[in-house]
Protein chains: 2
Amino acid sequence: MSTIRDVARIAAVSTATVSRVINSPEVVSPETRNRVAKAMKACRYQYNALARGFVTQQSYTLGLIVPSITNPIFAESIRGVQDFAHREGYQALLGNSDYEYAKEARLCEVLRERQVEGLIITTTKLRGKVLRDLLDDHFPLVLLYSTVRKGPISAVGVDNFRGGYSATEHLIHLGHRRIAMLAGRFSFSDKSLHRWHGYKKCLRDHRIPYDPALVLQTQYALENGREGIKALLALEQPPTAVFCSNDFMAIGAMQGAREVGVALPEGLSIVGFDDMAIASYINPGLTTIRQPAYEMGRLGAEILLSQIKRRDGRPIHKILETGIVVRESTAGLTVCEPKRNSSLTSGKHV
Amino acid sequence: MSTIRDVARIAAVSTATVSRVINSPEVVSPETRNRVAKAMKACRYQYNALARGFVTQQSYTLGLIVPSITNPIFAESIRGVQDFAHREGYQALLGNSDYEYAKEARLCEVLRERQVEGLIITTTKLRGKVLRDLLDDHFPLVLLYSTVRKGPISAVGVDNFRGGYSATEHLIHLGHRRIAMLAGRFSFSDKSLHRWHGYKKCLRDHRIPYDPALVLQTQYALENGREGIKALLALEQPPTAVFCSNDFMAIGAMQGAREVGVALPEGLSIVGFDDMAIASYINPGLTTIRQPAYEMGRLGAEILLSQIKRRDGRPIHKILETGIVVRESTAGLTVCEPKRNSSLTSGKHV
DNA sequence: TTGTACGCGTTATCAC
DNA sequence: GTGATAACGCGTACAA
């Protein structure tokens, strides 16, 4: 590889001039500019962005950690981050935590060693050493898919409480009273926790007793939805509807229900969370809570870059809107059933 | 940020010793090692991997360009690349081309400026300037999802011809004779082209006339499958089965068929390509051609790293196995229909 | 076992 | 408008 020194030698100028031709050509006289351009071609010169970063102390790189790149919802957010970052001359180093805190910690370490100027993380542990260390160092940081509304860390997310509330309310309005929830593990997903709170609050507002037997914590994948719903349907008093923490679980639940002979949506109403693209293409179409995934990523990148530029700035918290998208996976309950269920439930739990 | 110089000063050793503690601690006496370790903590020293790369002329970074990160099949491959790369101390800089050659070219440029040591690309144009330039520079390069079996560029892919052949054969065995194909545009997907060749060859082997009206080139997304199948079903002699270039198109086609009142699979058999995770969770389950996406990525990374280590090595071409996964989206044709179709078809095209 | 000194490719600061 | 040169943080001969 040839360097600006080679170019300088060939063009019979100094390295400073070559650098100027690259970074501010207008200050160089047209003739030398031309000579330099020719010299560059002659030795097939390739610019070294790392060397620049080395002297300017800017890597123009940011780190992006998501729990699972295979989930299209995160993939969308990654696109949002990239689109904004690229426009500003930044590249992103991407990592999966696979919902494991140890991997998240390791990635942070590696990415910081590589001099990323900031990090965008969908964290699996809000109160852990990883974030605390970052904070101690005043390291530019934005949380994605987070519900943090205040505090020292910038965050962009959605109102998960309200999302959970809307999902549940939709089911209640359809006449359901025995409503289950397939939730992501609260231990590493505050999202799921808040959705659960919304679910519980909505039940209470509608005077429906909360039955812990109807809430299952599991992982965010298809197979967990499938197995989860089977467990719930095997209960003595099975649910007539289920709210799932994400669309994968919901689609898994659909399949699980079918496998045990439950008709959809008549036998079981299902609500998901995310509104991934495929949700409107399956049968029945999935009723779900829409998250603006791309926009979240884009906004996260915007906030992070603004923080990198002015490191003294106050943290920014953005809560984007969700909305319920009603499709065919939810249906009204037949007249007598809710009565029966509710009386039994209340007899047991109130 | 403190540097090894700060550490050296505090520990009262030379920078060389600090460097040795980091890279080969065993050659340093335990006591100095300890002193250095303490000094590191004292000034909150953070290692700078970029500076190392700068002197060793190795960035330990590779570039990865895929057409669409939102497609889970590519996401799986990305995981495969990352898992292998991380184990070897490499990180990946990721970019989407969105199936646009200009973006692919731009990404190559940016990534090379950033000194990636090699590139893994799912290219949209096999014979373009981008690959030719890379090749001229003897730049370490591996093509992913490619069908190149020889030539100077390393590649890992599957036998798309055979995949297309199997898909078609499965449909023929079920009694179908009027078999359509929803194909990715041949102009930027040699994959799709080869699948189409397999499809045609299989028809010929079974003495079924090829009808160009049954082949639609479109994009690789859900909505294209949906609109594509509607166009095909609106033909005077509509197909009784369709082979789609990927699962997104197939799932889109399912929805499109439903929307025009065609029952699945009785009214239309559908075969996809990829076997993304969700394929077995939709209803009816999608019959599709399985690709080992994760394995492809892993192998691609392995080949690339081996090429980086010995740049003189011969190019390596790996064709992995595909296999048909039969689910419920394909069904036999009722007895008289194929006869009617085939006679009409042959009357028209033979 | 440890220290000295140089170089990696670029930008920035002075001079001229 | 241009040139000389000192950084940037680290690895690595080579010397001690």
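Here is the naming used below: chain letters follow the sequence lines, and residue numbers restart at 1 for every chain.
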- Between atom CD1 of Ile120(B) and atom CE of Met296(B), what is the distance when rounded to the nearest 0.5 Å?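 Here the interatomic distance stands at 12.5 Å.
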- Task: Ignoring hydrogens and angles, tell me if any N or O in the side chain of His317(A) forms a donor-acceptor pair with the backbone of Thr147(A) under 3.5 Å.
- Result: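 Checking the backbone N and O of Thr147(A) against the side chain of His317(A), no donor-acceptor pair under 3.5 Å is found.
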Rounding to an integer number of Å, can you tell me how far [X] [atom1] sits from [N] [atom2]?
X         : N       : atom1 : atom2 : value
Gln57(B)  : dG11(D) : CD    : C1'   : 11 Å
Met1(A)   : dG9(C)  : CE    : C1'   : 13 Å
Met40(A)  : dG9(C)  : CE    : C1'   : 13 Å
Gln115(A) : dG9(D)  : CD    : C1'   : 9 Å

Does the side chain of [Y] come within less than 4.5 Å of [X]'s, by heavy atoms?
X         : Y         : result
Arg79(A)  : Asp83(A)  : yes
Arg106(A) : Lys103(A) : no
Tyr145(B) : Pro67(B)  : no

- Item | Phosphate OP1/OP2 of dT2(D): any Thr17(A) side-chain N/O under 4.0 Å |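 Result: no.
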- Item | Ser189(B) to Tyr220(B) - nearest heavy-atom pair and separation |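 Heavy atoms of Ser189(B) and Tyr220(B) come nearest at OG-OH, 2.8 Å.
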- Which parts of nucleotides 10-16 of chain C does protein reach within less than 4.0 Å, heavy atoms only, written one letter per nucleotide 5' to 3' as B for base, S for sugar-phosphate only and - for none? BBB----
